[in-house]
Protein chains: 2
Amino acid sequence: MAIVPMAKREKRITIYDLAKSLNIAPSSVSKALNNSHAISSKIKKMVEDKAKELNYVHNTNAANLRRGFTRIIGVIVPKINESFFANIIAGIEKVCVQHQHSLIICQTEESLEKEVNAVQTLIRQNVDCILISLSLETQSTAHLEEIKNNHIHFIQFDRISPAIDSYTVVNDNEAASYQAVAHLAKQGYQNIAYFGGPAHLNLYQERKQGYKNALKDFGLTFYEDFVKDEIISTASGKQEALHLLQTNVKPDAFLCTSDYVSLGVLEALQQLNLSSPKDVGIIGFANEMFTQLVQPSLSSVNQFSYEMGEQIAELYFSEVMKQKEHEEIKTIKVKTEIVQRASSSR
Amino acid sequence: MAIVPMAKREKRITIYDLAKSLNIAPSSVSKALNNSHAISSKIKKMVEDKAKELNYVHNTNAANLRRGFTRIIGVIVPKINESFFANIIAGIEKVCVQHQHSLIICQTEESLEKEVNAVQTLIRQNVDCILISLSLETQSTAHLEEIKNNHIHFIQFDRISPAIDSYTVVNDNEAASYQAVAHLAKQGYQNIAYFGGPAHLNLYQERKQGYKNALKDFGLTFYEDFVKDEIISTASGKQEALHLLQTNVKPDAFLCTSDYVSLGVLEALQQLNLSSPKDVGIIGFANEMFTQLVQPSLSSVNQFSYEMGEQIAELYFSEVMKQKEHEEIKTIKVKTEIVQRASSSR
DNA sequence: AGGCTATAGGAAATCGATTTCTAAAATATT
DNA sequence: AATATTTTAGAAATCGATTTCCTATAGCCT
């Protein structure tokens, strides 16, 4: 799409205008507005009054150029309107406002190409830091290296690539998954299936590992056929559940790495006239709003997404921004919590 | 909170570096990179190759300062993580990317103070346009006037103030509300209550008006007591429904201006051992995901939020940006649709 | 009083692009 | 072949702040 040129806006009052009308130097105006100790309070007052009078507005662009940083943070997520990410963004925003920073948001719609473009845009915008959760497609990391090459801080969260060294904020996915299976086991389920996402993502590897570990620890059989790696939608969850529930050795419980998948499993049960929790246990991930509203209500792993957003931003302000030399690069694990509801309680 | 100073980033390659290493003028480099017709394709190629070789990155900040506009659009919403707004933002983002624009997002958390600050920040950031949906608290519009004073375009959407002249994008709330009541009436409900939001917001005035008009047109009685203006949460919906359903003249249906309120009404019914749709009809607004998942499923007015986002952005690019002189200021009405589900079907 | 330090304010360079104006070179015209 | 025209490239100003360096004055000390 062509970029339409824009007309220049009408001129605003600048520090030069203030300087002239007060008969002082522009540099003094700048210092006064920045509350520099090298300016008397008399002049500060003069400048502030005049600034108000003439409706002066600070031009962040000019300041950014001169200073070399922007107090803008770029966020890249797969989908802005998935509640998990929307909550994270909301949490990030809250903390950023406290620190007088602004937020540029990009969504990749799970496309690597859009992710690469988003990174490019943010680098060009001179953001101070990029917070990113990778798209499902992303397997290469050249664009992430670019962030480093341009000396921009960055933090990966949730869907991260271990191939690149960076601060990260994630749930303890392995533990969460382990606990979910443990919970199912304690409720007496024996044949537990795992419906996960693409195995090239760390996130899903860990959840699968937690699942496997728990099976072993609780003496449950591991069926290769019960493990599926590309189930990330309601539709695919339903389809795969329908399939598995009509084989000889059937699962009696499902660990789904998304509540939407849980929903699909539930639909499958209804279609097969099975009931949850009696015949089949279900537990999902994310603790979406709807999990407590469906019949039966769906158990889920609460990932504390809003808090995760806050922690991501706080990590930036408390550590990353300060560029501590030789500081070791941190991984923050955000707590999770099994929310036990009807679908896994028998 | 104190603003911590930041270290300046390491220097990047600039057009001056490219110019020097090619033995041409910086201005020529700029023109080459901007594909100006005043530069030969030979030099363009040279410059592009060298730019790639040296990993040149365009500094948007410098360009913005010089050009006087930024290709950045500011969005202000009450809550980023309410699905209605999250969808709108996602729609806006999609269209903005097509037009090579970036998005700065601010949330007000329904606070006027935060809204005013957000506007200030965006003006200082030199955004080309501000897209805003007002907080519940907002009754004054001085900050919106500021946007105009600084010659920044702006578009109000959903929650707008008619007190200030601007482009607007809204649902046809009156019609939507009218149709919802009409639908309830056709299903045989006679005593329809209205649960709306603060009456100082246009949005809710219109929905109330549509409700009243429909009552009249369908020959239904208007009960002053059935009209409530401060019901915007599940809790308040439940509470008020409990109250009304235990009076002498009870409503047999509820028009709620939010699905969350519908949910509260549903809870009230369960508590009172009433059932929907048999005893009481319910219809809400926004067509939230969960409305199709609860039992009984909840009827709702689909507001096409994602499409609304797209239309807002498209309005900007097709009309507002071009600053057509004496163009009349437009209001776009986004279609709505009654989604009939169990809660209103008897 | 003389000299020294601290302080306040100003001059000028700077950030990195864009853009206007000018001039040289290439091409076209008669 | 001489002149007119068009192209192409460069010089320099500009956007609006910040920041460094410098100077003049006020305040301090013995």
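Throughout, a chain's letter reflects where its sequence line sits, starting with A, and its residues are numbered from 1.
- When the side-chain nitrogen and oxygen atoms of N64(A) are compared with OP1 and OP2 of dA17(D), none of them lie within a distance under 4.0 Å.
- Separating the CZ atom of F69(A) from the P atom of dT19(D) is a distance of 7 Å, rounded to the nearest angstrom.
- Taking atom CG on N126(A) and atom C1' on dA17(C), their separation rounds to 12 Å, with Å as the unit.
- In this structure, N23(A) places its CG atom 11 Å from P of dA11(C), rounding to the nearest Å.
- A salt bridge is absent between E145(A) and K148(A); no separation between the charged side-chain nitrogens and carboxylate oxygens falls under 4.0 Å.
- With a 4.5 Å cut-off on side-chain heavy atoms, V334(A) and V169(A) count as touching.
- Between dG16(C), dG10(D), dG9(C), one nucleotide has an atom nearer to the side chain of I24(B) than all others, and that is dG10(D).
- For the pair I104(A)/I104(B), a side-chain contact is recorded, criterion being any heavy-atom separation below 4.5 Å from C-beta on.
- Between N59(B) and the phosphate of dC15(C), there is no side-chain N or O to OP1/OP2 separation shorter than 4.0 Å.
- If you take CD1 of I39(A) and C1' of dG9(C), they are 6 Å apart, rounded to a whole angstrom.
- Looking at S27(B), its side chain comes within 3.5 Å of the base of dA11(D) through a donor and an acceptor atom.
- Among the nucleotides dT8(D), dT18(D), dT18(C), the one closest to the side chain of Y16(A) is dT18(D).
- Atoms NE2 (H58(A)) and P (dC15(D)) sit 17 Å apart, rounded to a whole Å.
- Residue contacts shown for A63(A) are limited to sugar-phosphate atoms, with no base heavy atom under 4.0 Å away.
- OP1 or OP2 of dA17(D) sits under 4.0 Å from a side-chain N or O of Y56(A).
- Mapping N61(B) and S28(B) onto DNA chain C by nearest heavy atom places N61(B) closer to the 5' end of the strand.
- Atom CZ in R67(B) sits about 16 Å away from atom P in dG16(C), given to the nearest Å.
- As rounded to whole Å, 13 Å separates atom P of dG16(D) from atom CG of N150(B).
- No donor-acceptor contact under 3.5 Å links the side chain of K42(A) to the base of dG9(C).
- Taking only side-chain atoms of T14(B), from C-beta outward, the nucleotide of dT18(D), dA17(C), dG10(C) with the closest atom is dA17(C).
- For the pair R12(A) CZ and dG16(D) C1', the computed distance is 11 Å after rounding to whole Å.
- You'll find the side chain of L136(A) stays beyond 4.5 Å of the side chain of P78(A), heavy atoms only.
- With hydrogens and angles ignored, no donor-acceptor pair under 3.5 angstrom links the side chain of K11(A) to the base of dG16(D).
- The side chain of R66(B) approaches dT19(C) more closely than any other nucleotide in the set dG10(C), dT19(C), dT18(D).
- At dT18(D), one or more side-chain N or O atoms of S30(A) fall inside 4.0 Å of OP1 or OP2 (strictly under the cut-off).
- Of the candidates dT8(D), dT18(D), dG16(C), the closest approach to any side-chain atom of S40(B) belongs to dT8(D).
- In this structure, H101(B) has its ring center closer than 6.0 angstrom to the ring center of F317(B).
- With respect to the salt-bridge test (charged N to carboxylate O, under 4.0 angstrom), the residues R159(A) and E110(A) qualify.
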